[in-house]
Amino acid sequence: MPSQRDVRNRIASVQNIRTITRAMEMVAAARLRRAEQRTAALRPYADAIRRMTRSAAQAAGGASGLPVLAEHETLQRVGLLLVAGDRGLAGAFNSQIVRAGVAAAAACEAEGLTPVFFASGRRPAGSLQFRGLEVAQAFTGFSERPAYADARRIADRVVDAYTAGELDRVEVFYNGYISPISQVVRRETLLPLSQASVMGAEEDGSGEAPSSGEEPKQRALVEYEPDPEVILGRLVPDYIEVSIYRALLESAASEHGARMTAMRNASENAGVLIEDLTLEMNRARQAAITQEILEVVAGAEGLS
Amino acid sequence: MAHTPFQVEILTPDGSVFDDAVEMVSTRTTVGEIGVLANHAPLLAMLEPTELRLYVGEGEPLRFAQSEGYIQVGGNRAMLLVAEMHRPSELDAGALRERLGELERELAGAERDGEWRGAALREQRRLQAFLRVAERPAAAR
C-alpha cells in the first residue's frame, strides 16, 4: 500500500501534466483556426491553377520538348515526398504518414523500382533514418507555419531531380485535413504530368471554386498567348509549387487538429487518473486513521 | 468611357483579392500590354510583373502591383491568378529599393549558373515593377 505522501505526490505530478496538456490544446486550437483559414484561402487559387494546367496540357497535346513535361522512357526511380510535422505529441499524425510511405516504398521495391525518400518535417525524417532508410533530403523547421517559399524550395528540388533524370516519378504523401478529429492520408502523383492527379476527374474541392472552367467545346477556341507549350513551361513548376504548398498547409492544419485532439484526450485521461488517485489517497488516509484508533483502543484496553 | 461591366476575379495563394464587376482590365502579358473589355475572346496568357489597373467606372482606376501569374478570359469573365498582388499603399518603396540594390550587386558580382541567374532576373523584374508602382503618385498617371 503506497503511503499518503506518495499518492499526494503522484496527484500533484498528474495535475502538472494536465495543466501542460490543456495549455497545448489551447495553443493548437488557436493555431488550427489560422491554419484552417490559410488552407481555405489557398483552395480557389490551387484549383484554378490545376484546371488551367489541365486545359493547357490538353491544348498542347503532349508534344513538347520541355524536360519538365517529358515522360521518361523507363520507370526506375520513384521519389516519395513525405509531409508531416517537426514535433510529436499529435497522435497518429506523423506515424500514419511514415507507415504509408514505407508501405509505398515496399510496393515499389516489389515492382523492381527504387524508392527515393524526401521528407518535410523532422519527425518523418527521423523515423525513416531510424528504420535504416536513406533520406535524399529533409526539409525542416516550418511544419507548423509553412510559407510559400518553403513549398518553392521543395518544388525546385524535386523538379530539378526530375528534369535531371534522377527521378522518373514524384509522389507526395500528406495528411488531408477534414476536421480537428479526422485527418486522412492523401497520396498524389505530381510528375510526370500525364499521370498526375490533376489529369484525373474534377477534384473534390472544385465545387466551391468559381465556375469559370470552359466547356470542352469552348476549349478549342481559347487563344493562347504565347503557345500552350511555353505557358506550360512556367505553369507546370507553378502547379507543382502550389500542390506542395497545399500539402504543407493541409498538413499544418491536420497537425494542429491532431495535436489538439491528442492533448484533449490526454487532459481527460489525467482527470480520470486524478480521480482514481484521490480515491486511493482517501483510502490510505482512512486506513491510517483506523489503524491509529485501533492502536489507541488496544493501548487503553491494555491499561485497564 | 462607359463600357459594359464584366466580372473579374483576382486570386492569390493567400486568398481572393478582388471579385467584382469592372469595365476594363489593363495589364501586361509576356507578349505585351493588353486591355480586356467585356466579351473578350477566350484567352489564356502569362502575366508579367507590372501595374494592374482595373477601371471600375468614372474616375481613377484601382491600381495594384502585380507579380507573375496568369490571366484566363472566358464566358465573359476574367480570372487573374497571381503569386502576389498588392495595393500601392501596402508597398514600402524604401525596402523594395534596398532589395533591388542588393540583388543587382549580387547579379553583377556573382558568376553563378544559368538557372540561378534566370530566377534572379525574374525577381529583379518583379522588384522593378513593384518599385515603379510604389513610387508613382496616384494622381499623376
Side-chain angles (χ1 to χ4, degrees), chain A residues 37-56 58-60 146-149 151-152 156 159-160 163-164 208-215 217-228 230-235 237-239 241-242 244-246 248-249, chain B residues 6-21 25 27-36 39-49 67-85 99 113-116 118-123 125-126:
Chain A
Q37 282 164 359
R38 293 177 75 203
T39 313
L42 175 70
R43 212 163 272 165
Y45 179 83
D47 286 340
I49 287 276
R50 281 166 176 238
R51 274 200 305 276
M52 208 178 262
T53 310
R54 184 164 49 219
S55 36
Q58 275 158 0
Y148 198 81
R152 180 166 291 169
D156 283 352
V159 168
D160 283 354
T163 51
E208 59 193 273
S211 55
S212 54
E214 309 97 304
E215 298 300 310
K217 59 179 189 303
Q218 266 186 302
R219 197 170 278 144
L221 301 171
V222 175
E223 193 182 323
Y224 287 91
E225 234 174 66
D227 293 337
V230 183
I231 295 185
L232 276 177
R234 195 158 94 187
L235 192 50
D238 272 3
Y239 146 73
E241 272 172 24
V242 163
I244 291 177
Y245 187 47
R246 183 184 194 160
L248 293 182
L249 283 186
Chain B
F6 65 110
Q7 201 66 23
V8 171
E9 188 174 18
I10 302 175
L11 294 173
T12 72
D14 299 321
S16 176
V17 177
F18 184 89
D19 187 6
D20 208 349
V25 179
T27 180
R28 198 156 70 89
T29 71
T30 44
V31 181
E33 298 269 346
I34 61 163
V36 177
N39 299 311
H40 193 282
L43 167 79
L44 181 58
M46 296 200 283
L47 298 173
E48 285 288 296
S67 70
E68 285 183 0
Y70 309 89
I71 181 168
Q72 187 174 28
V73 185
N76 209 18
R77 292 174 54 96
M79 184 161 60
L80 282 85
L81 301 175
V82 282
E84 282 179 66
M85 187 67 91
R99 267 166 59 199
D113 58 351
E115 209 165 314
W116 178 86
L121 287 172
R122 274 167 78 172
E123 176 71 2
R125 279 204 302 279
R126 186 182 73 84

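Within every chain, numbering begins at 1; the chains are lettered A, B, ... in the order of the sequence lines, protein sequences first and strands thereafter.
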How close do [X] and [Y] get, counting heavy atoms only, and between which atoms?
| X | Y | answer |
| --- | --- | --- |
| B/Pro13 | A/Tyr45 | CG-CE2, 3.6 Å |
| B/Thr30 | A/Pro226 | OG1-CD, 3.3 Å |
| B/Leu44 | A/Tyr224 | CD2-CE2, 3.1 Å |

Report which part of A/Leu235 has an atom under 4.5 Å of a heavy atom belonging to chain B: side chain, backbone, both, or neither. both
With a 4.5 angstrom heavy-atom cut-off, is it the side chain or the backbone of A/Val242 that approaches chain B, or both, or neither?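 Contact with chain B involves no heavy atom of A/Val242 at all.
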Decide, yes or no, whether a salt bridge links B/Glu48 with A/Arg234 under the criterion of side-chain N to carboxylate O below 4.0 Å. yes
With rounding to the nearest 0.5 angstrom, report the CZ to CG distance, A/Arg51 to B/Leu81.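 It is 8.5 Å, given to the nearest 0.5 Å.
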Test log, rule side chain to side chain donor-acceptor pair (under 3.5 Å), inputs A/Asp238 and B/Tyr70: CA-CA 11 Å; A/Asp238 272 3; B/Tyr70 309 89; 2.8 Å; yes
Region of B/Ile10 in contact with chain A, defined by heavy-atom distances below 4.5 Å: neither
With a 4.5 angstrom heavy-atom cut-off, could you sort out which part of B/Thr12 is near chain A: side chain, backbone, both or neither? backbone
